[in-house]
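Counting begins at 1 with the first residue of the sequence.
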Amino acid sequence: MDYHRRQSGGYAGSGHKRRREEEAPLEPRKQLLASLLNAGEPIRDGAFTLDDEQLNGLVRQLRREARTDPLHTHGALLDCAVQLAHKAPLYALLAGLMNVDDPEAAAGLVERAGAELAAALQPGPGCDPRRARLLLRFCAALVPTNVLHAASLMAALRALVDAAVAVAEASPAGDDGRAWQPFTDHLVYCALMALPWGGAELADSVPAELAALLGAVDGYMGRRPRSTQPSLRPFAAAIKEDDAVAESDNGGASFLGEVVAAVKEMVEAGRWQLESVPRLHPAHEVALAEGQGSDLPAVQPPTAAPVELPEDANPAMVGALVLEAFPPRGIIHFLEKQHTQGERMLVERLIAEEYVLDTCFYFEPDRVECAKRLAGGLPLPYAYEPLLCEVLFGQMLRLPRPQFKPLMYSTLMVDLCKLRKLFPRAMSACVRECFARMNVMDPHLRLRLAEWLAYHLSNFEYVWPWAKWAHVLAAPAYDGQRRFCVAVLNRLVRLSYWERIQSVLPEEFRQLLPPKPEVAALPSPDDAEAAAADPEGHWAAKMLQLVRAKATPEDIDTWRTEQGLEGRLGGPLGVLRCWARCLLVAGAKSYTHMVIALERYYGPLKNAVDAAGPEGEAALVGVANTVWRASPQRAAMAVDRLMTLRLVSAEAIVGWVFGSAGVTALGDESLSGAAWEILYNAINKTIARVQDAREDLAATEAAVVQLQARVDELMAAGEMAGEVAAQLDEAAQSLEEKRGYVEETRQQQQGALLQVVRCFVGTLSGGQGTAGEAMDTDADEATALQDFMLAALRSFVRRYNVQCAQVAERISGEVLAGEGVPAALREAVEAQLHL
């Protein structure tokens, strides 16, 4: 019998409407979280949308859930106050109104906030500097709503500043602070930037403690060894007088000075009512006054940076890891103050920056939601597009590394151009400032900017005012602005068809367009003239016929022996080049075809590499670049695959790169870009191998511990443990192999980094003949080459600062201490090793 018929007395469709399936009601926990997340939204003209009815409903919901599940209620409220930190005044108001009728719940919230703050500050898995800062912000917002005593908050802030002062005082004389200053700067920054959220109530309640706090901050500022970090400057020199952009250190050590000046300006002027900090509590002061305040548990910051350090970490390594844990702010003031700050106080700008940075951090996994919140979800009652654009550009160009992959910022700015009408104008101004500084810009940042612009244009029908850059057409090939334009066009060709880019590009700019990305075809196997002019190509074409006929590796080995290719091509090296050209052309249709061709004939190709000796691997890299000379992207992909198959090593790639025409001259940006891309890909893969090996070893060690515990458990119970014991033995035996592999990959990484620095230094010291000849024949181009190579060296050491710090002593002792190394070069490298 049909279930529905039996229940309803008839069949569906027989004159009775089918009932809609009722949606299961949300669990109370999820209802509370959804209510907190959506509270105050949408934000219109910088103001929250929240009437008394909605507010009272939220408070009742909080009280109800706090009685049944206080841990979850407190956790949900704190998580929202952190991840939606611009709503801190709203969540503080909810806590204050809850405190009126349920002071125990509010006290529990304060206690929970103190516990999470302590965990976020201390070293360990719970260490989270950003969360610590935002928890302090929320605690400060609890003071005006009478949930937290002002004296308790000031004690916590003073504890942070005192900890920073203690670390600075304990440092030896002459210490440059790289091992601790980023951490202590962060402590002081957290304390100062919590003050605006306490409002005038904080200043009126504890004026003496506030003055003492600022005095302690002054004491710390006088003891910190560095007030700026020139080694983090994205631009090597100024292009005009009073060039503030060139002086920017990416928000490094100079940032805290801005914070101190901003907070002092606010305190001295008594202007606690800020446009960027909504004040919601005044309308409820009568009700809030009935609440009982609580004290925040004592805060005990760590006495050293909460960073896990290797046992053998040298000073440079310690500094690099501390900088990685507490990176620079990533702010470059591209635009004039009147556009980004206006007549508002500096602290308003800093708060707006925090809104943007925190929103990007917590909503990065959902790009669309992130863009919407940045475009219309921030409580900023003024046109903030120029500031928003400047912050995102600064983050994309942050040194030594951005917070997220550059593509994240690229996609975000595309959406913001569609959501905020004034955003494109501000973006154009930032691009204009960057373009004016191309000749002094960090080479890696120049490439990062070219990739962004190409992606951006691909989303807007490739429309760009190229006419404004027409002057680059008359500039020499090594000019930075011209090279940037070529780099952009190279990236555009990767994102579309070559013909499409040619059609949208002004005719005069087509001379900068790279060649059509096609494989270098092999000659006809029946062409007698080609056989004489290019014997390797001729025999590669004959071999290609066999490959396309799906001959086995054994068949081709037999054919090669019968034809006597080694004698015809001048030895094993010629055979290797012939083989490589054949397989790369065979796989030219797509990346997948190339992978299949290389893997199918891996055995013969590997034998040819081994037979060719030390020069074989470099020759293989050279062939990949010759075959795909017209397509730098495919050349880089081919070399990367050869490295994956262990046919070429990082050492061979580095040697080839620094001997290639793309590095020894600046005339062809396409060749130069391909060479540097191959180099960086090789270094990235070498570093990734170390990380993968360590993760594999850690997983095996954890498995051994689990298996050992299982064996002990079975034996204690008197059960058979033979099978598990066999698994334990197998895992234990693999441990030594994996430890050996970790050490092997670590040595390869260090060797590759040393080799790169050694090649740079050799080039800049006149150690390579090509560079010396260029300097003699064309002084202008030679000077440009030397300047670029020095900038590229600085960029390389800065980009891989953690890895280079591991071998800093060897770089100083083995590379820089050699004869003929100029003192200026030695000082430049040392400065980058000690960011």
Side-chain angles (χ1 to χ4, degrees), residues 119-120 122-131 305-314 317-318 320-325 327 361 364-365 400-405 408 595 599 602 606 640-651 653 680-717 719-753 799-807:
Q122 296 297 330
C127 181
D128 189 341
R130 184 184 297 270
R131 187 174 182 85
V307 177
E308 184 177 354
L309 300 174
E311 295 181 359
D312 57 344
N314 57 48
M317 183 67 175
V318 174
L321 291 176
V322 171
L323 184 66
E324 187 174 44
F361 182 82
E364 177 267 339
R401 288 167 296 279
Q403 176 81 50
F404 304 106
K405 292 183 178 179
M408 179 268 187
V595 171
E599 291 181 352
Y602 170 81
K606 175 62 175 174
D640 181 77
R641 193 62 194 174
L642 292 172
M643 190 176 179
T644 300
L645 294 172
R646 312 283 175 149
L647 291 170
V648 298
S649 64
E651 180 183 0
I653 294 174
Y680 284 121
N681 286 349
I683 298 300
N684 291 339
K685 185 176 285 291
T686 303
I687 294 172
R689 283 178 178 172
V690 177
Q691 296 171 343
D692 292 343
R694 286 175 174 165
E695 291 174 2
D696 189 23
L697 175 61
T700 304
E701 289 174 340
V704 168
V705 173
Q706 292 177 354
L707 290 170
Q708 183 64 58
R710 180 60 178 161
V711 168
D712 294 343
E713 180 183 348
L714 291 173
M715 293 182 68
E719 300 180 13
M720 298 294 293
E723 183 178 349
V724 180
Q727 296 176 0
L728 176 61
D729 290 341
E730 183 180 353
Q733 290 174 5
S734 67
L735 272 179
E736 287 305 317
E737 296 179 3
K738 292 183 177 180
R739 289 192 181 107
Y741 182 61
V742 168
E743 181 61 24
E744 178 187 346
T745 56
R746 193 175 72 89
Q747 293 295 336
Q748 290 175 352
Q749 172 186 297
Q750 294 184 359
L753 293 170
R799 180 179 181 183
Y800 299 106
N801 65 317
V802 175
Q803 292 77 19
C804 287
Q806 296 174 7
V807 291

(message) Just so I know, are the side chains of E713 and R710 near enough to count as touching, which here means a heavy-atom distance under 4.5 Å?
(response) yes
(message) Looking at every heavy atom in both A752 and A650, which two are closest together, and how far apart are they?
(response) CB-CB, 4.1 Å
(message) Looking at R799, is its backbone amide N or carbonyl O close enough to the side chain of R401 to form a donor-acceptor pair, meaning the two atoms are under 3.5 Å apart?
(response) yes
(request) Check whether any side-chain heavy atom of L321 sits under 4.5 Å from a side-chain heavy atom of M317, and report yes or no. (result) yes
(request) Answer yes or no: is there a side-chain heavy-atom contact under 4.5 Å between E701 and R739? (result) yes
(message) Can you confirm whether V724 sits close enough to L728 that some side-chain heavy atom of one is under 4.5 Å from a side-chain heavy atom of the other?
(response) no
(message) Looking at every heavy atom in both L707 and A731, which two are closest together, and how far apart are they?
(response) CD1-CB, 4.2 Å
(message) Ignoring hydrogens, what is the shortest heavy-atom contact between F404 and F361? Give both atom names and the distance.
(response) CZ-CA, 3.7 Å
(request) Report yes if the side chains of L697 and L735 come closer than 4.5 Å at any heavy-atom pair, otherwise no. (result) yes
(request) State whether the side chain of D696 and the backbone N or O of D692 hold a donor-acceptor pair below 3.5 Å, judged by distance alone. (result) no
(message) Please find the pair of heavy atoms, one from M643 and one from R689, that lie closest to each other, and give the distance.
(response) O-NH2, 2.6 Å
(message) Test side-chain hydrogen bond (donor to acceptor under 3.5 Å, both in side chains) on D712 and Q708; report intermediate values, then the result.
(response) CA-CA 6 Å; D712 294 343; Q708 183 64 58; 3.1 Å; yes
(message) Going by side-chain hydrogen bond (donor to acceptor under 3.5 Å, both in side chains), Q749 matches just one of Q806, Q803, E744. Which one?
(response) Q806
(message) Once rounded to the nearest 0.5 Å, what's the spacing between atom CG of D729 and atom CD of Q727?
(response) 10.5 Å
(request) To the nearest 0.5 angstrom, please state how far the CD1 atom of I687 sits from the CZ atom of R746. (result) 14.0 Å
(message) Give me the atom names and distance for the closest heavy-atom approach of Y800 to N684.
(response) OH-OD1, 2.7 Å
(message) Let's go through E599 and R641 carefully: what are the C-alpha distance in whole Å and the side-chain angles of both, what is the deciding distance for salt bridge (charged side-chain N to carboxylate O under 4.0 Å, His left out) to 0.1 Å, and is it a yes or a no?
(response) CA-CA 10 Å; E599 291 181 352; R641 193 62 194 174; 2.5 Å; yes
(message) If you compare all heavy atoms of C804 against all heavy atoms of L753, which two are closest, and at what distance to 0.1 Å?
(response) N-CD1, 4.1 Å
(message) So for atom NZ, which belongs to K405, do other residues, nucleotides or ligands contribute more than 12 heavy atoms lying within a distance under 6.0 Å?
(response) no
(message) Just to verify, what does Q403 make a side chain to side chain donor-acceptor pair (under 3.5 Å) with, not counting sequence neighbours?
(response) none
(request) Could you verify whether a donor N or O on one side chain and an acceptor N or O on the other, from Q747 and E743, lie under 3.5 Å apart? (result) yes
